Amino acid sequence: MSKTEFIELTLGSHKIVHGYNEHNEEVIEDVEVENFSKKVVAISRIKSISEKYILSDYVDGRWIYWEYKEDFETVKNKLLKE
């Protein structure tokens with residue numbers, strides 16, 4: 001496992017996009033957690049970051065919007081250095 005393939009993040013509540021219903025509306029599952037927890041995430045799964053969410057892909061074409069504890073600049077700089 002190469003250091004540059006993964007990033008450590010502190011993630012919390014998240015939204016899982018399961019796809020679309022018959023009216024072409026996103027099917028979203030909101031997962032609320034009490035505390036943030038550290039996770040090691042494959043950089044290849046990260047699709048974008050915003051000031052509030054990290055968007056990552058998941059199995060079966062799902063997407064996950066994670067809330068994260070670090071500030072935007074810290075995460076951006078970690079990703080650009082990797």
Side-chain angles (χ1 to χ4, degrees):
M1 166 162 84
S2 169
K3 178 182 169 190
T4 60
E5 295 175 7
F6 295 87
I7 185 172
E8 182 180 295
L9 297 166
T10 310
L11 303 175
S13 297
H14 50 285
K15 299 175 182 295
I16 304 171
V17 180
H18 291 280
Y20 296 88
N21 66 18
E22 64 275 1
H23 303 291
N24 204 30
E25 301 165 327
E26 287 182 319
V27 177
I28 300 174
E29 175 185 358
D30 287 309
V31 180
E32 299 289 328
V33 298
E34 287 187 32
N35 300 307
F36 286 89
S37 60
K38 288 189 181 275
K39 298 187 185 308
V40 176
V41 178
I43 291 174
S44 62
R45 290 185 50 203
I46 297 173
K47 303 307 174 196
S48 69
I49 62 170
S50 69
E51 291 183 359
K52 184 171 183 177
Y53 295 108
I54 293 174
L55 174 62
S56 68
D57 61 5
Y58 195 60
V59 296
D60 299 329
R62 295 180 206 161
W63 299 94
I64 301 181
Y65 290 90
W66 292 94
E67 292 181 1
Y68 61 101
K69 191 172 184 178
E70 295 85 359
D71 65 85
F72 176 82
E73 289 298 321
T74 299
V75 174
K76 180 183 83 171
N77 290 334
K78 278 184 172 182
L79 288 169
L80 291 175
K81 287 180 184 175
E82 302 298 325

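Quantities reported herein were computed from a predicted structural model and do not represent experimental measurements.
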Can you tell me how far the [atom1] atom of [X] sits from the [atom2] atom of [Y], to the nearest 0.5 Å?
{"X": "I7", "Y": "K39", "atom1": "CD1", "atom2": "NZ", "answer": "14.5 Å"}
{"X": "S50", "Y": "F72", "atom1": "OG", "atom2": "CZ", "answer": "7.5 Å"}
{"X": "E5", "Y": "R45", "atom1": "CD", "atom2": "CZ", "answer": "14.0 Å"}
{"X": "L9", "Y": "K69", "atom1": "CG", "atom2": "NZ", "answer": "13.0 Å"}
{"X": "W63", "Y": "S56", "atom1": "CH2", "atom2": "OG", "answer": "8.5 Å"}
{"X": "I49", "Y": "K78", "atom1": "CD1", "atom2": "NZ", "answer": "11.0 Å"}

- Note on the structure: For S13 and V33 the tightest heavy-atom approach is OG-N, 3.0 Å
- N21 versus V27, closest heavy-atom pair with distance: N-CG2, 3.7 Å
- Neighbour count above 12 (heavy atom, 6.0 Å) for E51 CD: no
Do [X] and [Y] share a hydrophobic cluster, counting only Ile, Leu, Val, Met, Phe, Trp and Tyr and linking them when any side-chain heavy atoms are less than 4.5 Å apart?
{"X": "L11", "Y": "L79", "result": "yes"}
{"X": "Y53", "Y": "Y58", "result": "no"}
{"X": "V31", "Y": "I28", "result": "no"}
{"X": "L55", "Y": "F36", "result": "no"}
{"X": "I64", "Y": "V17", "result": "no"}

- Less than 4.5 Å apart, any side-chain heavy atom of F6 and any of I43? no
- Query: Under 4.5 Å between any side-chain heavy atoms of Y65 and H14, yes or no?
  - Reply: no
- Query: So, the side chain of D71 versus the backbone of E73: is there a donor-acceptor pair under 3.5 Å, distance only?
  - Reply: yes
- Task: Using a strict cut-off of less than 4.0 Å between a Lys/Arg side-chain nitrogen and an Asp/Glu carboxylate oxygen, indicate whether D57 and K47 qualify as a salt bridge.
- Result: yes
- Message: Under a 3.5 Å threshold, yes or no: a donor from one side chain and an acceptor from the other, between E70 and T10?
- Response: yes
- So, H18 versus E29: side-chain donor-acceptor pair below 3.5 Å or not? yes
- Give the intermediate values and the outcome of side-chain contact (heavy atoms from CB on, under 4.5 Å) for residues E25 and Y20. CA-CA 5 Å; E25 301 165 327; Y20 296 88; 5.9 Å; no
